[in-house]
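The shown structure was predicted, so the numbers you read here are calculated from the model rather than taken from an experiment.
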Amino acid sequence: MAARQEDLQQTDEEFYQFCEIYRLAKEDIELIRLSSEPIPDKLIHGPLPKILQMSPEELFHLRDGTSEESETEEEVTPKPRPGRPKKAQ
C-alpha cells in the first residue's frame with residue numbers, strides 16, 4: 001500500500017480519500033498496514049485490485065506465495081495506468 005501511495009504522491013489523508021472512492025475504509029487500510037494477519041479474501045476480491053492496479057491472482061500470489069519458481073517479480077508489479085505519463089527515471 002505504501003508503494004502505491006508513494007506512486008500517487010499523496011499524503012496519508014489524500015490516500016485515505018482515494019481509497020474511499022473504491023470503498024476501502026480507513027480502518028481496512030490500517031489493518032493492512034499494521035496487522036501481521038494475512039489480508040482478508042474479501043479485500044482481495046473487492047477494492048484492492050483496483051487501488052493497487054493488480055489482479056486478484058497477483059495479490060493472492062503476494063499474500064500466499066507460490067511454489068512456481070518460474071514467476072518473476074516483474075509479473076506481480078503494478079502496471080501503469082492507461083493515459084498516465086510514466087515517471088522519468
Between L52 and E58, does a side chain to side chain contact (heavy atoms under 4.5 Å, CB included) hold up when you go through it step by step? CA-CA 10 Å; L52 299 176; E58 290 170 318; over 6 Å; no
Please assess E6 against F15 for the test side chain to side chain contact (heavy atoms under 4.5 Å, CB included), listing each intermediate value before the final yes or no. CA-CA 9 Å; E6 187 177 303; F15 190 67; over 6 Å; no
Assess the residue pair R33 and D12 against the criterion (side chain to side chain contact (heavy atoms under 4.5 Å, CB included)); give the C-alpha distance rounded to whole Å, side-chain angles, the decisive distance to 0.1 Å, and a yes or no. CA-CA 12 Å; R33 285 183 173 172; D12 285 347; 3.8 Å; yes
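Here the closest heavy-atom approach between residue S55 and residue P49 is recorded as C-CB, 4.4 Å. Contact between E14 and Q9 at its shortest, heavy atoms only, is OE1-O, 4.2 Å.
Taken to the nearest 0.5 Å, the CG atom of D64 stands 10.5 Å off from the CG atom of L59. Rounding to the nearest 0.5 Å gives a distance of 12.0 Å between CZ of R23 and CD1 of I51. Considering CG of L24 and CG of L48, their distance stands at 5.5 Å, rounded to 0.5 Å.
In this structure, I21 is a member of the same hydrophobic cluster as M54, with clusters built from ILVMFWY side-chain heavy atoms closer than 4.5 Å. No continuous path of hydrophobic side-chain contacts links L31 to Y16 [ILVMFWY only; heavy atoms under 4.5 Å].
Applying the side-chain hydrogen bond (donor to acceptor under 3.5 Å, both in side chains) criterion to Q10, with sequence neighbours excluded, gives no partner residue.
Of the possible donor and acceptor atoms, one in the side chain of R63 sits under 3.5 Å from a partner among the backbone N and O of I39.
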